[in-house]
Colleague: 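Here it is, the structure in full.
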Amino acid sequence: MSTRTGSGTIAVPAGEGRAVRVAAGQSFRVVDVEGGQVGDLFAFADGDVSEHVSASHTRARNDRLFPAIGQPFVSNRRRPLLELVADDSPGVHDMLIAACDGERYRQLGVEGWHASCAENLVTALGALGLRAPCVPQPINVFMNVPVADGRLEWLPAVTAPGDSVTMRAVADVLVVLSACPQDVVHINGGQPTELAIELLGGPTP
């Protein structure tokens with residue numbers, strides 16, 4: 001499912017994904033509706049899904065694990081696609097962890113099909129007649145996976161209902177947001193819930 005650029009709110013049901021086109025200069029807000037929910041956010045250059053926001057290139061550009069306010073998310077071609085405008089949350093996010101997929105759940109002991117962020121991305125792009133050459137490393141908003149002594153801890157998201165992050169499109173982009181369906185590792189507190197994308201009315205001053 002997709003939405004054209006404009007203003008308004010797109011609900012992203014628990015365990016599902018949604019796509020939206022955002023024009024250069026326009027801002028959007030990712031909202032944790034009920035609190036404690038991780039969102040896997042992907043962004044592609046509109047018109048060329050081979051160019052996408054790259055976590056590794058973004059870390060190198062900003063010298064940070066996650067951008068600070070005013071810093072960009074850059075693509076695999078090192079071109080800014082998004083900028084972090086505001087963070088109205090505890091500020092705990094991740095850009096180390098890959099999107100969950102079917103094999104991840106099988107390794108966690110799940111038998112049979114399980115929804116995943118990778119599949120949500122493929123489905124959202126497929127609805128637009130698009131197929132990316134790979135599933136990029138997502139921007140994991142609200143994800144709480146701290147690094148301690150070289151090890152990762154999988155902790156519940158610390159967001160409260162209504163917490164949000166706001167980003168500005170630096171170029172015309174296609175954004176996909178997955179309300180992560182992970183219910184084995186407790187990053188969502190064992191119970192995935194919905195997210196929302198709020199398209200703001202125009203370019204950020």
Side-chain angles (χ1 to χ4, degrees), residues 1-2 11-20 30-44 49-59 65-67 73 75-76 82 89-90 92-128 130-159 163 165 174-197:
M1 181 179 296
S2 68
V12 184
E16 298 184 18
R18 295 291 185 269
V20 60
V30 178
V31 182
D32 188 353
V33 177
E34 298 184 32
Q37 175 61 41
V38 170
D40 282 37
L41 183 72
F42 307 88
F44 301 85
V49 292
S50 70
E51 183 177 11
H52 55 79
V53 163
S54 166
S56 58
H57 292 83
T58 297
R59 292 194 301 267
L65 287 174
F66 196 88
F73 296 88
S75 76
N76 52 320
L82 299 174
S89 79
V92 178
H93 311 286
D94 167 78
M95 285 204 312
L96 295 176
I97 304 302
C100 60
D101 54 26
E103 184 59 30
R104 169 68 166 156
Y105 289 106
R106 282 189 287 274
Q107 293 178 1
L108 290 172
V110 175
E111 296 183 5
W113 177 84
H114 193 290
S116 71
C117 290
E119 184 174 288
N120 287 343
L121 171 64
V122 171
T123 299
L125 291 180
L128 300 175
L130 300 172
R131 182 177 180 84
C134 67
V135 175
Q137 159 73 58
I139 303 166
N140 294 311
V141 295
F142 315 134
M143 190 172 185
N144 184 14
V145 182
V147 179
D149 297 324
R151 297 180 60 85
L152 302 174
E153 294 187 68
W154 301 84
L155 303 180
V158 294
T159 39
D163 282 353
V165 293
L174 176 60
V175 170
V176 178
L177 178 65
S178 172
C180 182
Q182 178 62 261
D183 56 2
V184 182
V185 174
H186 288 283
I187 59 169
N188 297 313
Q191 182 59 56
T193 55
E194 69 177 309
L195 298 173
I197 304 170

Colleague: Give a yes or no answer on whether the side chain of N188 reaches the backbone of Q182 with a donor-acceptor pair at less than 3.5 Å.
Modeller: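 Confirmed, N188 side chain pairs with Q182 backbone.
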Colleague: Minimum heavy-atom separation for Q37 and A179, please, with both atom names.
Modeller: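 Between these two residues, the closest heavy atoms are NE2-C, 3.4 Å.
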Colleague: Closest heavy-atom contact between A132 and V49?
Modeller: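 Heavy atoms only, the tightest pair is CA-CG2, 3.9 Å.
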Colleague: Evaluate the side-chain proximity of V12 to E194: yes if any heavy-atom separation is below 4.5 Å, no if none is.
Modeller: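 The answer is no, as the side chains (C-beta and beyond) never meet within the 4.5 Å cut-off.
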Colleague: Roughly how far, to the nearest 0.5 Å, is the CD atom of E16 from the CG atom of L195?
Modeller: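 Output value for this atom pair is 11.5 Å.
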Colleague: What residues form a ring pair (Phe, Tyr, Trp, His ring centres under 6.0 Å) with F42, not counting sequence neighbours?
Modeller: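 Per chain and number, F42 pairs via ring pair (Phe, Tyr, Trp, His ring centres under 6.0 Å) with no residue.
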Colleague: Taking only residues two or more places apart in sequence, or in another chain, which ones meet H52 in a side chain to side chain donor-acceptor pair (under 3.5 Å)?
Modeller: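 With neighbours one apart ignored, the set is empty.
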Colleague: How about L174 and L128: do any of their side-chain heavy atoms sit closer than 4.5 Å?
Modeller: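 Contact flag for L174/L128 side chains = yes.
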Colleague: Give a yes or no on whether a salt bridge exists between E153 and R151, defined as a side-chain N under 4.0 angstrom from a carboxylate O.
Modeller: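 No salt bridge links E153 with R151.
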Colleague: Suppose we screen for side chain to side chain donor-acceptor pair (under 3.5 Å). Which residues come up paired with T159, at least two apart in sequence or across chains?
Modeller: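 Here the qualifying residues are D32.
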Colleague: Between I187 and L155, is there a side-chain heavy-atom distance shorter than 4.5 Å?
Modeller: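 L155 does not reach I187 side chain to side chain.
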Colleague: Could you tell me which non-hydrogen atom of Q137 sits nearest to which non-hydrogen atom of A55, and how far apart they are?
Modeller: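 Minimum heavy-atom contact is CG-CB, 3.1 Å.
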Colleague: Can you name the nearest heavy-atom pair linking P138 to A99, along with the distance?
Modeller: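 Here P138 and A99 meet closest at CD-N, 3.6 Å.
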Colleague: Are any of the side-chain heavy atoms of R59 and F66 separated by less than 4.5 Å?
Modeller: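 SC-SC contact between R59 and F66 ruled out.
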Colleague: Under the side chain to side chain donor-acceptor pair (under 3.5 Å) test, which residues partner T193, sequence neighbours left out?
Modeller: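 None.
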Colleague: Do S54 and S75 have side-chain heavy atoms sitting under 4.5 Å apart?
Modeller: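 Side-chain contact under 4.5 Å: no.
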Colleague: Is any side-chain heavy atom of V110 closer than 4.5 Å to one of R106?
Modeller: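 No; the side chains remain at least 4.5 Å from each other.
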Colleague: Given side chains that start at C-beta, do those of S50 and F44 come closer than 4.5 Å, heavy atoms only?
Modeller: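 Of all side-chain heavy-atom pairs linking F44 with S50, none is under 4.5 Å.
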Colleague: Side-chain contact test, heavy atoms from C-beta onward, threshold under 4.5 Å: evaluate it for P181 versus C100 and give yes or no.
Modeller: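 They are in side-chain contact.
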Colleague: Name all residues meeting the side chain to side chain donor-acceptor pair (under 3.5 Å) criterion together with Q107; count only those two or more places apart in sequence or in a different chain, and write none if there are none.
Modeller: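 Expected list: E103.
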Colleague: To check you understand the geometry: which heavy-atom pair defines the closest contact between P13 and A11, and what is its length?
Modeller: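 Where P13 meets A11 most closely, the heavy atoms are CD-O, 3.5 Å.
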Colleague: Let me see the working for D163 and V31 under side-chain contact (heavy atoms from CB on, under 4.5 Å), right down to the final yes or no.
Modeller: CA-CA 6 Å; D163 282 353; V31 182; over 6 Å; no
Colleague: Under 3.5 Å, which donor-acceptor pairs link side chains of residues 113-122 to any protein atom two or more places apart or in another chain?
Modeller:
residue	atom	partner	partner atom	Å
W113	NE1	E119	OE1	3.1
W113	NE1	E119	OE2	3.2
H114	NE2	D183	OD1	2.8
S116	OG	E119	N	3.1
N120	ND2	G15	O	3.1
N120	ND2	S116	O	3.3
N120	ND2	S178	OG	2.9

Colleague: Supply the atom-to-atom distance D40 CG to L177 CG, rounded to the nearest 0.5 angstrom.
Modeller: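 One finds 8.0 Å between CG of D40 and CG of L177.
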Colleague: Atom CZ of R131 and atom CG of L125: how far apart are they, to the nearest 0.5 Å?
Modeller: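 Going from CZ on R131 over to CG on L125, the span is 9.5 Å.
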Colleague: Taking only distance into account, with no hydrogens and no angle test, what donor-acceptor pairs under 3.5 Å do side-chain atoms of residues 139-148 form with protein atoms, sequence neighbours excluded?
Modeller:
residue	atom	partner	partner atom	Å
N140	ND2	D94	OD2	2.7
N140	ND2	I97	O	2.9
N144	ND2	P156	O	3.1

